[in-house]
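Residue numbers count from 1 along this sequence. Whatever order the structure lists them in is the order used to number ligands and atoms, beginning at 1.
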Amino acid sequence: MTPAQFITLEGGEGVGKSTNLDFIKCLLIKQGKQVVVTREPGGTPLAEKLRQLLLATDAEKIDDTTELLLMFAARADHIQQVIKPALAQGKWVLCDRFTDSTYAYQGGGRGLNTENIAWLAQFVQKELQPNLTFLLDAPIEIGMARAKKRGALDRFETEKRLFFDSVRSAFLEREKECPERIKRINANQALALVQKDIQAHMDHLL
Ligand code: T5A
């Protein structure tokens, strides 16, 4: 039997991470797995407070390095309080965004040095890595149109086009660096087809 796995969903704004997280959760529950669904930044009371600060549009300007450190502060708490305990209890963990988002947004989008991100990841995560990551990829205008339909935009979603181009390129770079773990899914197709592709990877894993 496959031991409990840590699965993350990644991608730009509005590509369908939350929608497909629910789909994977249902697949796992049908297989009799215990599942913890969580998100980043967030997942604990402290990390959710940091999320509010990070996503608020009316807050004072956040310096890029401060933003990076807040992401990892939230992640450190999330790993200790939620992710590691759940995996230790044999529960599968499904997480909406994780460290690949930091490489994409703070590394690609903000242009921060990826060596510093790698150092922080090692410091905070130790040996913890997702077993499987779905990278939902779609043209930026498609994801943004979906995100806008959902409601008010957050601090990241108000960034310029160039920022999102860099985020998308950095995600694709991560896929090249970690091809075993990161599975790219074409999110610019009907939801049923997206889920068919995800299911094929999940069947393989299970
Ligand atoms: N961040 C995060 C960092 O900068 N660094 C980090 O280290 C981390 C962890 C978090 C923000 O924080 C940043 C990145 C983010 O900007 P978030 O809310 O987690 O924000 O991320 P968002 O991308 O903003 O989440 P969204 O809820 O907008 O997008 P999802 O979850 O990707 O999309 P979803 O599932 O809500 O779908 C959006 C709409 O599209 C429809 C859905 O029904 C929904 O209406 N949809 C489709 N429609 C047609 N065809 C399909 N295939 C569809 N799939 C979904």
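- Counting heavy atoms closer than 4.0 Å to ligand 1, residue Ala187 contributes backbone atoms (N, CA, C, O) but none from C-beta onward.
- Ligand-side atoms of ligand 1 in range of Glu40: 9 (C), range being under 4.0 angstrom from any heavy atom.
- In this structure, Gln106 is part of the shell of residues with a heavy atom less than 4.0 angstrom from ligand 1.
- Of all atoms in ligand 1, listed by their number and element, those nearer than 4.0 Å to a heavy atom of Leu55 are 11 (C), 12 (O).
- Seen from the ring of Phe164, Arg161 does not count as a face-on cation partner, given the 6.0 Å and 45° thresholds.
- Ranking the protein heavy atoms by distance from atom 33 (O) of ligand 1 puts Gly16 N, 3.2 Å first.
- When heavy-atom distances to ligand 1 are checked against a 4.0 Å cut-off, Arg97 comes that close only through its side chain, counted from C-beta outward.
- Taking the side chain as every heavy atom from C-beta outward, Ile7 and Leu205 approach each other to under 4.5 Å.
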Next on the checklist: Apply side chain to side chain contact (heavy atoms under 4.5 Å, CB included) to residues Thr102 and Glu40 and explain how you reach the verdict.
Outcome noted: CA-CA 10 Å; Thr102 314; Glu40 289 212 347; 5.9 Å; no

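- Listed here is the closest heavy atom pair of Thr57 and Arg155: CG2-N, 3.6 Å.
- The ligand atoms of ligand 1 that sit less than 4.0 angstrom from a heavy atom of Gln189 are 50 (N), 51 (C), 52 (N).
- Heavy atoms of Met71 found under 4.0 angstrom from ligand 1 belong exclusively to the side chain.
- Closest to atom 7 (O) of ligand 1, if we only count protein heavy atoms, is Thr102 OG1, 2.6 Å.
- When non-hydrogen atoms are compared, ligand 1 lies under 4.0 Å from neither the backbone nor the side chain of Leu54.
- Between the choices Arg155, Arg146, Lys148, the shortest heavy-atom distance to atom 51 (C) of ligand 1 belongs to Arg146.
- Looking at atom 31 (O) of ligand 1, its nearest protein heavy atom turns out to be Ser18 OG, 2.7 Å.
- The contact set between ligand 1 and Pro41, taken as ligand atoms under 4.0 Å from a residue heavy atom, comprises 2 (C), 8 (C), 9 (C), 12 (O).
- Scanning the protein for heavy atoms near atom 30 (P) of ligand 1, the closest one is Lys17 N, 3.4 Å.
- A distance-only check finds no donor-acceptor pair linking the side chain of Arg181 to the backbone of Thr133 [under 3.5 Å].
- One option in Val15, Asn188, Thr19 has a heavy atom closer to atom 44 (C) of ligand 1 than any other, and that option is Thr19.
- Within the 6.0 Å centre-distance limit, the rings of Phe6 and Phe98 are counted as a close aromatic pair.
- For Ala138, the closest heavy-atom approach to ligand 1 does not fall below 4.0 Å.
- In this structure, Leu9 and Lys17 approach most closely via the heavy-atom pair CD2-O, 3.4 Å.
- Ligand 1 is never approached by Leu136 to a heavy-atom distance shorter than 4.0 Å.
- A salt bridge does not link Lys49 to Asp77: none of the charged nitrogens lies less than 4.0 Å from a carboxylate oxygen.
- With hydrogens left out, the protein atom closest to atom 38 (C) of ligand 1 is Gly14 O, 4.0 Å, a heavy atom.
- For atom 8 (C) of ligand 1, the nearest non-hydrogen atom of the protein is Ser101 CB, 3.6 Å.
- The proximity of Glu157 to ligand 1, defined as any non-hydrogen pair under 4.0 Å, is limited to the side chain.
- No side-chain donor from either of Gln106 and Asp64 sits under 3.5 Å from a side-chain acceptor of the other.
- Put simply, the side chain of Arg97 reaches to within 4.5 Å of the side chain of Tyr105, judged on heavy atoms.
- The residues Glu13 and Lys148 are annotated as not salt-bridged, no charged nitrogen and carboxylate oxygen being separated by less than 4.0 angstrom.
- Using a distance-only test at 3.5 Å, with no hydrogens or angles considered, a donor-acceptor pair links the side chain of Asp154 to the main chain of Glu157.
- Residue contacts with ligand 1 for Lys149 are absent, since no atom lies close enough (heavy atoms, distance under 4.0 Å).
- No side-chain heavy atom of Leu132 sits less than 4.5 Å from a side-chain heavy atom of Gln5.
- If you number the atoms of ligand 1 from 1 as listed, the ones under 4.0 Å from a heavy atom of Gly12 come out as 23 (O).
- In terms of protein heavy atoms, atom 26 (P) of ligand 1 is closest to Arg150 NH1, 2.8 Å.
- Judged by distance alone, the side chains of Lys91 and Gln89 do bring a donor and an acceptor atom under 3.5 Å apart.
- In terms of protein heavy-atom proximity, atom 18 (O) of ligand 1 is nearest to Arg51 NH2, 3.0 Å.
- Residues Glu173 and Glu177 are in side-chain contact: their nearest non-hydrogen atoms beyond the backbone lie under 4.5 Å apart.
- Each of the atoms 7 (O), 9 (C) of ligand 1 lies under 4.0 Å from some heavy atom of Arg75.
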